[in-house]
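Structure record follows, encoded as structure tokens.
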Amino acid sequence: VLFRSMGGGLGGLGNFGRSQARRVDPEQIRVTFADVAGIDEAKEELSEIVDFLKTPERYQALGGRMPHGVLLYGAPGTGKTLLARAVAGEAHAAFFSIAASEFIEAIVGVGAARVRDLFAKAKEAAPSIIFIDELDAIGRSRQGSAGITGANDEREQTLDQILTEMDGFDSREAVVVLGATNRSEILDPALLRPGRFDRRVAVQAPDRTGRLKILQVHTRSMPLGDSVDLDGIAASTPGMVGADLANLCNEAALLAAKRNHRTVQMADFTDSLEKIMLGAPRGILLSQEDRERTAYHESGHALVGMLTPGADPVRKVSIIPRGQALGVTLSTPDADRVSYSREDLEAKINVALGGRVAEEVVYGQITTGAESDLQQLTQIARQMVGRWGMSDKLGPLALLPTEGAGGYLLPGAAETSQQTQWLIDEEVRRIVDDAHAEVTRLLTDHRDQLESLTRSLLAAETLDAADAYAAAQMNLDGCTGSTGSTSANHP
Ligand code: ADP
Ligand code: MG
Ligand code: ZN
């Protein structure tokens, strides 16, 4: 750390302290609630804020204290930033936005000065909205932040300044601070106290109806061909959020232009979807040997998926290299899933093991190709034991730190003893060992089906659901054959 600020004065540091926030005047915001779809509960909750910003007098006359801080939390791409802009657009309020990561500078004190400046400007422009995006970048919990570094100091001072400013709000001021975060669980509890971000709005991933509405919003200004079935696209995209769907619509329009279509066709959508989900083909040539190994590997995933009750239906199998993967097996649920049983998760582990076990069964040796499969299944097994209480030995206890939160424990979880750690490892190993034995038995017993699926795959390179089930001599009952999302397996 080179500089320390002297009191509030920034001396010769120029205008570092000036807020870098972008101010957008009310007239310029064209985003309204009509642009936000599929997250009706969140919109509902925010409409009160809009109302307050529009007619603060009404609330003040009744003596109500409007919340000054509203925290939007939810997965990336669900529309938090969009929603914040829409609130400003609806309320005709000035909109000041800044990403919390921009506050963080090497020079201690600058962040705090920016915050002061930002709040001063916003109060002047009231009614107004201060939008602090990526709030977790400064607002992460101070508990356990080991080792004081300059960056930490700066973060703390910035955070303290935000808290001070929020505490200093006069209830008559029509200024609302909207914060957004993908990770509300790691926020400093001080931020969530009454008078600060005490209103919290969950922004959920959309369900099927929600996805349809989002698709409608993003195709509003596109000429669509008669073949386009937005409902069908919504049905086959569980897990996708607003940003994914917006991207899909855009890709489809680009593809239609490239193909010289006069309207956007269904095929433009389905081909774009395939590219988004599976990745763009990489255009490398595999040796005959690698190609065959990849075909067995992917057939192993696919066949285990077809033979295991509770596994998601197989949608597509391909040995065209894409991204990091030499091949892909895509299996997705028929509908949105909100919870999984132990059997469902075991089925997922089995399917993830299918690729490697197929190589073992056929070649008697293993390669490095199953790395991401192993990561995936290890993670499922660990969470079954330490997060979802699915191990009889350890019982229903939360034992794992939250992922990605820098070692913060799940609410309710305490530091585990070494003995418990050891038991977790044992249980994870047992789950995976059992699955390995079962999958080995399965693929050995169904070797002929593995062979015929592999031959078809080598010939066709990509099989959709119907062809894959036929090639494996399986019934495709109740499968729609539509493409789905998530869980691409790498060889
Ligand atoms: P977040 O801030 O939650 O990560 P964004 O608001 O930045 O997500 O979303 C990125 C883009 O995705 C938006 O600009 C919009 O085009 C689209 N989008 C996301 N969610 C929605 C939604 N609920 N309705 C319509 N479009 C959405
Ligand atoms: Mg955002
Ligand atoms: Zn694999």
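Only a predicted model underlies this, so the values are computations on that prediction, with no experimental measurement involved. Whatever order the structure lists them in is the order used to number ligands and atoms, beginning at 1.
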**Message:** Is the contact between Asp35 and ligand 1 made by the side chain, the backbone, both, or neither, using heavy atoms and a 4.0 Å cut-off?
**Reply:** backbone
**Asked** Hey, are His297 and Asp373 close enough side-chain-wise for a donor-acceptor pair under 3.5 Å?
**Response** yes
**Item:** Parallel, tilted or perpendicular: rings of Tyr296 and Tyr363 (30°, 60°)
**Value:** perpendicular
**Asked** Can you tell me the protein heavy atom closest to atom 12 (O) of ligand 1 and the distance?
**Response** Ala243 CA, 3.2 Å
**Asked** Are Val203 and ligand 1 in contact, using a heavy-atom cut-off of under 4.0 Å?
**Response** no
**Fill in**
For Ile214, the ligand 1 atoms with a heavy-atom partner under 4.0 Å come out as 22 (C), 23 (N), 24 (N), 25 (C)
**Asked** Between Asp35 and Arg220, is there a salt bridge with N-O shorter than 4.0 Å?
**Response** yes
**Request:** Check all N, O or S atoms of Asp373 and name the one closest to the Zn ion (ligand 3).
**Result:** OD2
**Message:** Could you check whether any heavy atom of Gly77 sits closer than 4.0 Å to an atom of ligand 1, since that is the contact criterion I want to use?
**Reply:** yes
**Complete:** among protein heavy atoms, the one nearest atom 14 (O) of ligand 1 is Leu82 CD1, 4.1 Å
**Request:** Taking only heavy atoms of Ile39 into account, list the atoms of ligand 1 that are under 4.0 Å away from them.
**Result:** 23 (N)
**Asked** At the Zn ion (ligand 3), what's the angle from His297 NE2 to His301 NE2, rounded to 10 degrees?
**Response** 90°
**Message:** Quick check on contacts: which atoms of ligand 1 are under 4.0 angstrom from a heavy atom of Thr78?
**Reply:** 3 (O), 8 (O), 20 (N), 23 (N)
**Request:** Assess His218 for proximity to ligand 1: is some non-hydrogen atom of it under 4.0 Å away?
**Result:** yes
**Request:** For side-chain contact (heavy atoms from CB on, under 4.5 Å), just list the numbers for Leu135 and Leu191, CA-CA rounded to whole Å, side-chain angles, deciding distance to a tenth of an Å, and then say yes or no.
**Result:** CA-CA 10 Å; Leu135 190 60; Leu191 273 169; 4.2 Å; yes
**Message:** As an exercise, identify every atom of ligand 1 less than 4.0 angstrom from a heavy atom of Pro76.
**Reply:** 4 (O)
**Message:** Whether the Glu165 and Gln161 side chains hold a donor-acceptor pair (N or O, under 3.5 Å, no angle test) is what I'd like checked.
**Reply:** yes
**Asked** Is the Lys NZ or Arg CZ of Arg200 less than 6.0 Å from the centre of Tyr73's six-membered ring, within 45° of the axis?
**Response** no
**Request:** Decide yes or no on side-chain contact (heavy atoms from CB on, under 4.5 Å) for Arg211 and Ile214, but give the supporting numbers first.
**Result:** CA-CA 5 Å; Arg211 291 194 297 274; Ile214 294 173; 5.5 Å; no
**Request:** Determine whether the side chain, the backbone, both or neither of Thr81 has a heavy atom under 4.0 Å from any heavy atom of ligand 1.
**Result:** both
**Request:** Specify the protein heavy atom at minimum distance from atom 8 (O) of ligand 1: its residue, its atom name, and the distance to 0.1 Å.
**Result:** Gly79 N, 3.3 Å
**Request:** Assign the ring pair Phe119 / Phe169 to parallel, tilted or perpendicular, where the plane angle (0 to 90°) is split at 30° and 60°.
**Result:** tilted
**Request:** Please confirm whether the backbone N or O of Val203 pairs with a side-chain atom of Lys80, one donor and one acceptor, at under 3.5 Å?
**Result:** no
**Item:** Thr440-Glu360 side chain donor-acceptor pair, cut-off 3.5 Å
**Value:** no
**Item:** Selection from Ala180, Ala37, Gly210, Gly242 by shortest heavy-atom distance to atom 24 (N) of ligand 1
**Value:** Ala37
**Asked** Any idea which atoms of ligand 1 are less than 4.0 Å away from a heavy-atom of Lys80?
**Response** 1 (P), 2 (O), 3 (O), 4 (O), 6 (O), 8 (O)
